[in-house]
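Below is one structure, written out as C-alpha cells, with a few remarks after it.
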Amino acid sequence: MTTELTEARKLDGKVVAEAIRASLVPRIERFLSSVGRPPGLGIVLAGDDGGSEIYVRNKVQSCEALGVFAELKRVGKESSVDEVLALVEDFNRDDAIDGVLVQSPLPVGMGQGAEQRVFDAIDPKKDVDGFHPVNAGRLAQKRSGMAPGTPSGVIELLDRSGIAIEGRRAVVIGRSDIVGKPMAMLLLHRNATVTICHSRTTDLAAVASEADIVIAAIGRPGFVTRDFVKPGATVIDVGTTRMTNRAEVASLFGQDSPRLEVIERRGATTVGDVHPDVAQVAGALTPVPGGVGPLTIVMLLSNTVHAAERRRDP
Ligand code: GUN
C-alpha cells in the first residue's frame, strides 16, 4: 500500500507581482502624458549593509523597467542622522519626486531612535513605505493612506490566489511596525479574526494551529514547523534570512535539502520562517524566495504611482 502525500499548493508571488505591474503601466503612461514627467521615487541609502544594497538596487531597477523615475542619494556609514534628514528634506521639497523612502536599517552608529526620527521627517504624502506615524494612524483607522508594501502585497497575493479572508481566523507571528502590525490591521479590515503572536506568546504552536491563515514574519529560519499548522491552512512566509553556513542549513532543513546545493553554487541561500515539512500539512504555501518578496517591490511601485496621482489630483 502506498501512502499518498499531498503537497501544499504553491502561491507564486512572481506571477501575481507581474499582473500588478502590468496594471500600473497604463497609469504611469497617463501620468506621464498629462503631467509631462514620470512618477518619481527618491531613495536614501545610508551605509553599506549588503542586504540593503541588493534591495535598493532591485528597487531602482524595478522603477526603471516600468518607466518610474528613481533617484538614489547615498551617505556613508559614518554619517550623522542630520545628513540623512537633509537628504529627506531635499526630496520632500523636490516637485519631481512623489515618493520618498529611507532604506532600513540605518547604520548602528546613528544611534537608537534614528530610524524613527528619519521616518517622521518624510512628508506623509510622499511616504510610500507607510512608516510615518500619520500613515500608521490612518491605516489603523481604515482611512485611505499608504500601507507598507510587504503586508499590502500579502493581501494582494491572498486575493489574487482566491483565498478568502473574511470571517476566517488569521494568526500573525511577529509584531514589527513594518510587517506584523500593519499586516494585522489589513487582515482585520478585511474582516478576519486576527491574533498577533510574538516571542512572549505562551504555546505559540497551539495558537497558530487554530488559524486558517498563518503569516510568519519573525525572521527565524524554519521556526514554523508542522505542529503550528492546521491541515489545509494557508501559510504565508514573510521571512528572508540569508544563510551561508552549510552545517546550520543541514541541521535545520536536513542533509538532503536542495538548499545545500544552492549554498555550494552561490555561497548563500535565502530561507524563510517556515520549515519545508509544513508543505505536507498546509493547503497553500508561499515559497522563499519567490513568494512574498516579489510583491514587496511591486507594492512600493504601486504606492509611488498612487502618491504621484494624489499629488496631482488630491
Ligand atoms: N528594509 C527592509 N524592508 C524594508 C522596507 O520595506 N522599506 C525600507 N525603507 N527598508 C526596508
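Both ligands and their constituent atoms are indexed starting at 1 by order of listing.
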When the ring planes of H275 and F253 are compared, do they come out parallel, tilted or perpendicular, using 30° and 60° as the limits? tilted
Residues D227 and T225: side-chain donor-acceptor under 3.5 angstrom: yes
Salt bridge present between K73 and E71 (N-O < 4.0 angstrom): yes
So, E64 side chain and Q61 main chain: donor-acceptor pair closer than 3.5 Å or not? no
Salt bridge R310-D313, side-chain N to carboxylate O under 4.0 Å: no
Write out the protein residues near ligand 1, meaning a non-hydrogen atom under 4.0 Å from one of its atoms, in order of chain and number. K59, L101, V102, Q103, S104, D129, F131
Is the backbone N or O of V274 less than 3.5 Å from a side-chain atom of D237, with the two atoms forming a donor-acceptor pair by type? yes
